Enquirer: 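Dropping a structure here in structure tokens format, bear with me for questions.
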Amino acid sequence: MSPFVLKTIINFTVKCFLTFTMNVSSFRVVVPLFLVALSVLVAVLIQTPAMPPRLVVAVSAVGVSSMVGMALVWKDIRSKVRGQGRTLSSLLGQYVAVKAVGWLGRRQRAKLEVDTVDVGRVQEDTLMGRLRKNEQTIYGRLFDFSSIKDSATFRERHPITTYEHYRDLISRVAAGEEKVLTAEKTSILAMTSGTSGPSAMLLSTKDTNAEFFLQGVAVCLDAMRQTFPATDNLQRTTKFFYTPTFRQSTAGIPIGPNSSTPASSRHMLNLYTTPSPAFQVHNEKDALYLHLLFSLKDPSVGILESNFASTVFYAFSALQERWQELLEDIELGKVSTALNLEPDVRVKLEALMKPDPKRAAQLRAKFQAGFRGIAKRLWPELHLVLAVDSGSNEIYGEMLRAGFCQGIPFYSPFYAATEGLIGVNLWPEDPKRRYLLCPRSMFCEFLPENSMEEEMPSTLLMEEVKDGQNYELVITNAAGLFRYRLGDVVKVVGFHNRCPIVEFQYRRGQMLSVRGEKVSEMMFLDALKKAVAQWPGAQLVDYCCAESGILGDSMGGCDPHYQVFIELKGVRNLTEVQRDKLDLCLQQDSAVYRSYRIKGSIGPMRVQLVAHGAFKELRKQMMSFSNTSANTFKMQRVLRRKEYADFLLGKTVS
């Protein structure tokens, strides 16, 4: 028998075995089928006269091992919760992906544990590796990286930097010049979210993205599956993310967000409820509708995922507005004509739609019962919401847990920025979002909070910081930033072995200060939540502030003060007494603010209640101005542009 014929028989036997057994519910049926298939295979081998006996034994052993392995895989797959309507190939693909990432996560977690024991050495190795790799770049020669032998020398020679230090150098990279800041080629010119000012353009390389996956994604998925074992299944995930529009630099380098996108996740799209053609839709409103449509069709969704909790919140807000239209599409098996889709995309999507009046009726009953806890009623097998809900996303996480996603645990996996991975959350169930700094991701220095305004401040290293103290992060990353002031202020809240654990506190550019009082985002939000709790029936939807100085003549000649814009549910008007509550709550939390208020050098807050949907419209304006995408957008809590404050003044209802 020829090798080709033999190979054909083996492949056919295996394929028939897998295809048939995947549709059999009882393992008692599979075992006899397996034995029959194996007998046929061995009989064929024995009847092949040209094959030496030892080779027959060897091939038989391989065949037996393969078949046993396939049977065990099949049994494992059958034991897991699976999404409905899954094909054999998609189940096997997801199974292999989950196992591979699981193994990788355990391996990376073990490495991280070892690294946290000796963070000083690991940080030194990380820094020197970066300097050696980039010593022949234009920047490396300028600062003589080749002669730097340790971190102490590096800190002596290299100044602490801000974005202005790199602006012209990055422009040279955008124009096509190579080996300016990094030895590696730049894959993307990554735009920051512009939370504390205009967007900055930073470098991103393939290696930096690989590091993020290995040190961040893999480790966090391991922590997730250890804490939430039910997520180790073959259900599909609904991931709310969008295809951003990239522009090109003069040298043809893509300019856009450096975040998880459909293009960067193209090998994993089969794990999501949204079909591939939908990711060709660039309009966020239409793309969100499609995310919701195909998610609702699948009652076995296991995880809701997005970069930020705000994106999940906006998705549920859209669901509340458009659920009837979505149910009509599910019932009739169509895609709404209100969506502006390319003809070929529409054809592909409608081919996936089949009339399902039964599912539509089930969903209608769920929606008619109200939206509190709606997520768990729509998807009974939903185990987790996976999204960052710290920092400026804290209020969205709180609203989701109290409303749409009541009863579902949340996991905020990363502390990261466009500059790269900073920390990972190894404690998913802890309501206080804590992040272990990743010692191999960045070389970190720490500016004590009381020295941030000094012209030439001294920094501390990981092993030198103190528990309970606040610091601004200064980072050296793998993408050409050296001793770079990140602008994030964190609090050290403990240590894992010898590695600091931090909580995000605030962005320096998002601090209110009309007289030098320095009220942080976290301090203001805490005061706001206390005040809202004293306003009967009120529920906070969104907020931001402006210092009166940016409003100019429109504020008249009054003392400097805070202009506060609030969107609420449950109330249509605020009394002066209620408005004063916010000012009093902040005075209770900030002794400095209180002293200025008593002296009269800071005037009373002006609290503006804005119309429903005002912040949704403001979000569109901010995204347009900063060239950021829905995947990376963060609401600015302190407005620095007069146009934004004027817009909200125009939306004031009380």
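Computed from a predicted structure; not experimentally measured.
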Enquirer: Look at the aromatic rings of Tyr272 and Phe241 and report parallel, tilted or perpendicular, splitting at 30° and 60°.
Expert: perpendicular
Enquirer: Under a 3.5 Å cutoff, is there a donor and acceptor pairing between the side chains of Ser412 and Asn425?
Expert: no
Enquirer: Between Lys179 and Glu184, does any side-chain N to carboxylate O distance fall below 4.0 Å?
Expert: no
Enquirer: One thing to verify: whether Arg640 and Glu547 come together as a salt bridge, which I'm taking to mean a side-chain N less than 4.0 angstrom from a carboxylate O.
Expert: yes
Enquirer: Starting at CG of Leu288, measure out to CG of Leu293 and round the result to the nearest 0.5 Å.
Expert: 11.0 Å
Enquirer: OH of Tyr644 to CG of Leu648: how many Å apart, nearest 0.5 Å?
Expert: 11.0 Å
Enquirer: Is it true that atom CE of Met511 has more than 12 heavy atoms of other residues, nucleotides or ligands lying nearer than 6.0 Å?
Expert: yes
Enquirer: Could you give the distance from CD (Gln636) to CE (Met622), rounded to the nearest 0.5 Å?
Expert: 4.0 Å
Enquirer: Report the C-alpha distance between Glu135 and Arg141 in whole Å, list the side-chain angles of each, state the deciding distance to 0.1 Å, and finish with yes or no for salt bridge (Lys or Arg N to Asp or Glu O under 4.0 Å).
Expert: CA-CA 6 Å; Glu135 63 185 23; Arg141 291 195 296 270; over 6 Å; no
Enquirer: Quick one: do Glu124 and Ser151 satisfy side-chain hydrogen bond (donor to acceptor under 3.5 Å, both in side chains)? Show the steps, please.
Expert: CA-CA 6 Å; Glu124 191 83 8; Ser151 62; 2.7 Å; yes
Enquirer: Output yes when Arg130 and Glu211 qualify as a salt bridge under the 4.0 Å nitrogen-oxygen rule, no when they do not.
Expert: yes
Enquirer: Any idea which heavy atoms bring Val312 and Ala387 closest together, and the distance?
Expert: CG2-CB, 4.4 Å
Enquirer: Work out which heavy atom in Cys438 is nearest to a heavy atom in Leu421; give both atom names and the distance.
Expert: SG-CD2, 3.7 Å
Enquirer: Under 4.0 Å between a side-chain nitrogen and a carboxylate oxygen: does that hold for Asp430 and Arg434?
Expert: yes
Enquirer: Nearest 0.5 Å, what's the CG-CG distance between Leu304 and Leu386?
Expert: 9.5 Å
Enquirer: Parallel, tilted or perpendicular: which describes the rings of Phe446 and Tyr471, with under 30° parallel and over 60° perpendicular?
Expert: perpendicular
Enquirer: State whether Lys133 and Asp207 are salt-bridged, where the test is any N-O pair (Lys NZ or Arg NE/NH1/NH2 against Asp/Glu carboxylate O) under 4.0 Å.
Expert: yes
Enquirer: For Phe313 and Phe308, I'd like to know if the aromatic rings sit close, meaning centre-to-centre distance below 6.0 Å.
Expert: no
Enquirer: Taking all atoms of both residues into account, what is the closest heavy-atom pair of Thr250 and Ala175, and its distance?
Expert: OG1-CA, 3.3 Å
Enquirer: So, does Asn134 use its side chain to make a donor-acceptor pair with the main chain of Ala183 at under 3.5 Å?
Expert: yes
Enquirer: Which distance, rounded to the nearest 0.5 Å, do you find between the CD of Glu449 and the NZ of Lys491?
Expert: 10.0 Å
Enquirer: With Arg637 as the cation and Tyr543 as the aromatic partner, state whether NZ or CZ is under 6.0 Å from the six-membered ring centre and within 45° of the axis.
Expert: yes
Enquirer: Quick check: are there more than 12 heavy atoms from other residues, nucleotides or ligands sitting under 6.0 Å from CG of Asp344?
Expert: yes
Enquirer: Thinking salt bridges, do Glu617 and Lys651 make one under a 4.0 Å N-O criterion?
Expert: yes
Enquirer: One thing to verify: whether Glu284 and Arg619 come together as a salt bridge, which I'm taking to mean a side-chain N less than 4.0 angstrom from a carboxylate O.
Expert: yes
Enquirer: Less than 3.5 Å apart, any donor N or O on the side chain of Asp389 or Tyr411 sitting next to an acceptor on the other?
Expert: no
Enquirer: With a sphere of 6.0 Å drawn around CD of Gln621, does it hold more than 12 non-hydrogen atoms of other residues, nucleotides or ligands?
Expert: yes
Enquirer: In terms of side-chain geometry, is the basic nitrogen of Glu472 or Arg485 positioned less than 4.0 Å from the acidic oxygen of its partner?
Expert: yes
Enquirer: If you count the non-hydrogen atoms of other residues, nucleotides and ligands that lie under 6.0 Å from NE2 in His282, is the total more than 12?
Expert: yes
Enquirer: Cut-off 3.5 Å, side chains only: do Thr418 and Thr192 have a donor facing an acceptor?
Expert: no
Enquirer: For Asp488 and Tyr415, which I'm curious about, is there any donor-acceptor pair between the side chains at under 3.5 Å?
Expert: yes
Enquirer: Inspect the contact between Glu394 and Arg433 and indicate whether a charged nitrogen and a carboxylate oxygen are less than 4.0 angstrom apart.
Expert: no
Enquirer: Compute both the distance and the angle, then confirm whether Arg401 meets the cation-pi test with Phe410: under 6.0 Å from the six-membered ring centre, within 45 degrees of the axis.
Expert: yes
Enquirer: Give the minimum heavy-atom separation between Phe246 and Pro254, together with the two atoms involved.
Expert: CD2-CB, 4.0 Å
Enquirer: Closest approach of Pro448 and Ser458, non-hydrogen atoms and distance?
Expert: CD-O, 3.8 Å
Enquirer: Judged by modelled atom types alone, do Gln563 and Gln608 share a side-chain donor-acceptor pair under 3.5 Å?
Expert: yes
Enquirer: Examine the side chains of Arg155 and Thr459 and answer whether a donor and an acceptor come within less than 3.5 Å of each other.
Expert: yes
Enquirer: Mind checking the CG-CD spacing from Leu189 to Gln248? Nearest 0.5 Å is all I need.
Expert: 9.5 Å
Enquirer: State, yes or no, whether a side-chain contact exists between Leu104 and Asp222 at a heavy-atom distance under 4.5 Å.
Expert: no
Enquirer: Check whether the side chains of Thr162 and Tyr484 place a donor and an acceptor atom closer than 3.5 Å, and report yes or no.
Expert: no
Enquirer: So, His291 versus Thr274: side-chain donor-acceptor pair below 3.5 Å or not?
Expert: yes
Enquirer: When the ring planes of Phe482 and His158 are compared, do they come out parallel, tilted or perpendicular, using 30° and 60° as the limits?
Expert: tilted
Enquirer: Other residues, nucleotides and ligands only: do more than 12 of their heavy atoms fall within 6.0 Å of NZ on Lys518?
Expert: no
Enquirer: Assess whether salt bridge (Lys or Arg N to Asp or Glu O under 4.0 Å) is satisfied between Arg172 and Glu178, documenting all intermediate values.
Expert: CA-CA 8 Å; Arg172 291 167 65 177; Glu178 295 186 1; over 6 Å; no
Enquirer: Would you call Lys348-Glu342 a salt bridge at under 4.0 Å N-O?
Expert: no
Enquirer: Which atoms form the tightest heavy-atom contact between Ser276 and Leu269, and what is the distance?
Expert: OG-CD1, 4.0 Å
